[in-house]
2 protein chains.
Amino acid sequence: MARNEMAMMAEKKKAILESTLKLIKENGFHGTPMSQVAKKAGVAAGTIYHYFDSKDTLIQELYTYTQYRLLDAIKENSREDMDYKARFFSHWISRCMFYIQNPNSLFFMEQFVNSPYVQRCSKEQDERFQKEVIQFIESGIENNYLRPMNPRLMRMMIYSSALTAAKLHLSEQLTLSQADLQQLAQMVWDGIKKD
Amino acid sequence: MARNEMAMMAEKKKAILESTLKLIKENGFHGTPMSQVAKKAGVAAGTIYHYFDSKDTLIQELYTYTQYRLLDAIKENSREDMDYKARFFSHWISRCMFYIQNPNSLFFMEQFVNSPYVQRCSKEQDERFQKEVIQFIESGIENNYLRPMNPRLMRMMIYSSALTAAKLHLSEQLTLSQADLQQLAQMVWDGIKKD
DNA sequence: ATCCGTCTATTGAATGTTCATTCGGTTTTG
DNA sequence: CAAAACCGAATGAACATTCAATAGACGGAT
C-alpha cells in the first residue's frame with residue numbers, strides 16, 4: 001500500500017475541505033467551529049492542524065480549491081474549434097451550471113469574496129485566475145465581436161449574471177431549464193456584442 | 001428638550017447601527033464583538049441590549065435599515081413624468097451610486113444575503129421590498145418596452161449588474177465616471193429591451 | 001522474514017482566551 | 001417619584017489552538 005499513501009493523505013485533507021464547505025454554507029464562517037469540521041470530516045480536531053496552520057488558512061485554501069474546481073468545470077465543456085459566440089455561450093452556461101450543481105461552493109465563495117478574508121488573500125493568485133477570461137474578452141473586442149469596453153468590467157458583468165441566475169434558481173422555486181439558460185446567455189450576449 | 005427625546009434615542013440606536021455596519025465591513029460578522037460595537041458607538045455594552053434583543057436581532061434590523069436607505073436613495077431621483085427608459089436608467093444608476101457611496105452598506109448586505117441569517121429572516125418583508133420593482137418591470141413587459149421574461153429573473157439581472165459595477169469601482173482603481181455608468185446602464189438596457 | 005529506529009499521521013483532553021449576555025445599580029427624563 | 005435609559009463589571013459558555021501520547025508506515029540491518 002505504498003502507492004496510495006499520498007491518496008490517503010489527500011483523501012483526509014479533501015474530507016476536511018468538503019466538510020468545511022458544507023458547514024459554512026449551512027452555518028456561516030462563525031457558527032462552524034473546528035470541532036464540528038473535525039467531526040463531520042471524521043477526524044480529530046488536532047488532525048486539521050496537521051494539514052492547515054489555522055482556521056484562516058483552511059478557509060483561504062478552501063477558496064483556492066473551489067476556484068480550481070470551477071475552472072475545470074468550465075474548461076471541460078469548451079472546445080477550441082467553436083466560434084466565438086459558441087464559446088461565450090459555453091463559458092457562461094458552464095459557469096452557471098457549476099453554481100447550480102455546487103450550491104455549497106457558490107455560497108462559500110460569495111461569503112468569502114465579501115468578507116475581510118479576501119483582502120488578506122494574495123492579489124497575484126486572483127490575477128492568475130482572471131487572466132484567461134480577460135484575454136478571451138480582449139480577443140473578442142479586437143475581432144469586433146464585442147463592443148469596446150474595459151475588459152474587467154465586461155468580465156464582471158458576465159460573472160455576475162451567471163451568479164445571479166444560479167442564486168435565483170437555488171433560492172426560489174424558479175427552476176431554470178436548459179432553454180432558460182440559453183435565453184439568459186442570449187440576453188447577456190445582446191448586452192455585450194458589437195452593434 | 002422634550003421634543004428631541006425621540007431624536008436622542010434614535011440617535012443612539014442609529015449610532016449602534018452605523019457602528020455595526022462599519023465594523024462588519026472591516027472585520028466581518030465574526031470579528032465584530034458587541035464590546036467593540038459599543039465602544040465605537042460611544043455607549044455601554046449593556047445599552048445595546050436595551051435596543052436589540054441579541055446580536056442576531058441587531059444584524060437583522062441593520063439589514064432592514066440598510067434596505068430602506070437604499071430605497072429612499074432610488075426614489076429620490078425618480079420622477080413620475082419620465083418615460084420608461086429614463087426611469088430605468090435613473091433606477092439603475094441610483095442603485096449603483098448608492099453602493100459606491102455607501103460601501104459599508106454594500107459589503108454588509110452582500111455578506112448578509114449570502115449568510116444563513118437571511119433564511120431566518122421573514123420572507124414577507126423581502127417580498128415587500130421587491131414588489132415595487134417587480135411591478136415596474138411587469139409594466140415594462142406589458143407595454144412592450146421589455147422582452148417577455150420572468151420579472152424576478154430580470155430584476156436579479158438588473159440588480160446584479162449594478163452591484164457588480166459598484167464592487168469593481170470600489171475594489172480596483174477602475175474609477176467609473178458618470179459616463180461609464182451611462183454606458184453600463186445602456187448595456188443592461190440593450191440586454192432586456194424588446195428587439 | 002523479523003526486528004528496530006525514525007518519521008509522519010493521528011488522537012482528544014487540556015488550556016487560555018474571547019465574547020455574548022446578564023443584572024444590580026446609577027442617572028436622566030417627564 | 002416613577003419609569004425609562006444607561007452603565008460596566010461579572011458570568012459562563014464556546015471556541016481555536018496546543019501538546020503529550022499513540023499508532024502506523026517505511027527502510028535498512030540481521
Side-chain angles (χ1 to χ4, degrees), chain A residues 1-63 108 111-112 115-117 120, chain B residues 1-63 108 111-112 115-117 120:
Chain A
M1 304 175 187
R3 137 182 51 87
N4 57 359
E5 175 193 14
M6 279 293 293
M8 287 293 284
M9 183 171 76
E11 248 173 61
K12 212 149 257 199
K13 190 171 180 177
K14 205 174 160 183
I16 293 169
L17 287 169
E18 293 289 346
S19 304
T20 309
L21 198 57
K22 199 165 297 179
L23 286 170
I24 285 182
K25 149 77 186 298
E26 280 161 20
N27 309 318
F29 283 144
H30 48 313
T32 66
M34 296 298 254
S35 55
Q36 248 184 76
V37 171
K39 196 172 168 187
K40 183 152 208 147
V43 304
T47 304
I48 300 180
Y49 290 86
H50 183 67
Y51 294 104
F52 306 94
D53 285 346
S54 66
K55 193 179 184 180
D56 274 26
T57 308
L58 166 57
I59 289 176
Q60 300 270 2
E61 280 201 37
L62 183 51
Y63 184 64
F108 166 72
Q111 278 190 253
F112 185 87
S115 78
Y117 277 116
R120 279 174 253 158
Chain B
M1 304 171 188
R3 140 182 50 85
N4 57 0
E5 175 194 13
M6 280 293 295
M8 286 295 283
M9 184 171 77
E11 248 173 60
K12 212 149 256 197
K13 190 171 180 180
K14 204 174 162 185
I16 294 170
L17 288 169
E18 292 289 347
S19 303
T20 309
L21 199 58
K22 200 166 296 180
L23 287 170
I24 284 183
K25 149 77 186 300
E26 279 161 21
N27 309 317
F29 284 143
H30 48 313
T32 67
M34 295 297 254
S35 55
Q36 248 183 78
V37 171
K39 195 172 168 186
K40 184 153 210 149
V43 303
T47 304
I48 300 179
Y49 290 86
H50 182 68
Y51 294 104
F52 307 94
D53 286 346
S54 67
K55 192 179 186 180
D56 274 27
T57 309
L58 166 58
I59 289 175
Q60 300 271 2
E61 282 201 39
L62 183 51
Y63 184 64
F108 166 72
Q111 278 190 254
F112 185 87
S115 78
Y117 277 116
R120 278 174 254 158

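None of these values were measured; they are calculated from a predicted model. Hydrogens, waters and symmetry mates are skipped; everything else that's a heavy atom, side chains included, is used. In what follows, chains carry the letters A, B, and so on, assigned in the order in which the sequence lines appear, proteins first and then strands, with residues in each chain numbered from 1.
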Looking at side-chain heavy atoms only, is the closest gap between A:Met34 and A:Tyr49 below 4.5 Å?
yes
Nearest whole angstrom, please: distance from the [atom2] of [N] to the [atom1] of [X].
X       : N      : atom1 : atom2 : value
A:Tyr49 : D:dC19 : OH    : C1'   : 13 Å
B:Phe52 : C:dT22 : CZ    : P     : 15 Å
B:Lys39 : C:dA20 : NZ    : C1'   : 17 Å
A:Lys55 : D:dA14 : NZ    : C1'   : 11 Å
B:Ile59 : C:dC19 : CD1   : P     : 14 Å

Interface residues of residues 19-36 of chain B with DNA chain C (non-hydrogen, below 4.0 angstrom)
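Close to the strand are B:Thr32, B:Pro33, B:Met34.
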For [X] versus [Y], what's the shortest heavy-atom pair and its separation?
X        : Y       : answer
B:Gln36  : B:Leu23 : OE1-CD2, 3.5 Å
A:Leu62  : A:Leu17 : CD1-O, 3.6 Å
B:Pro116 : A:Lys25 : CG-O, 4.4 Å

Spatial distance of atom CG (B:Leu58) from atom OH (B:Tyr51) [nearest 0.5 Å]:
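With rounding to 0.5 Å, CG (B:Leu58) is 13.0 Å from OH (B:Tyr51).
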How long is the straight-line distance from NZ of A:Lys39 back to OG of A:Ser19, given to the nearest 0.5 Å?
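A:Ser19 OG to A:Lys39 NZ: 12.5 Å, rounded to 0.5 Å.
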Can you see if the side chain of B:Tyr51 gets near the phosphate of D:dC6 - specifically, an N or O under 4.0 Å from OP1 or OP2?
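So the side chain of B:Tyr51 is within the cut-off, an N or O lying under 4.0 Å from OP1 or OP2 of D:dC6.
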For A:Lys40, is the NZ atom crowded, meaning more than 12 foreign heavy atoms sit under 6.0 Å from it?
yes
Can you name the atoms? Protein N/O to nucleotides 11-13 of chain C N/O, anything below 3.5 Å, with the distance.
residue, atom, partner, partner atom, Å
C:dT11, OP2, A:Ala44, N, 2.8
C:dT11, OP2, A:Thr47, OG1, 2.5

Could you check whether the rings of B:Phe29 and B:Tyr117 sit parallel, tilted or perpendicular, using 30° and 60° as the cut-offs?
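Because their plane-to-plane angle is over 60°, the rings of B:Phe29 and B:Tyr117 count as perpendicular.
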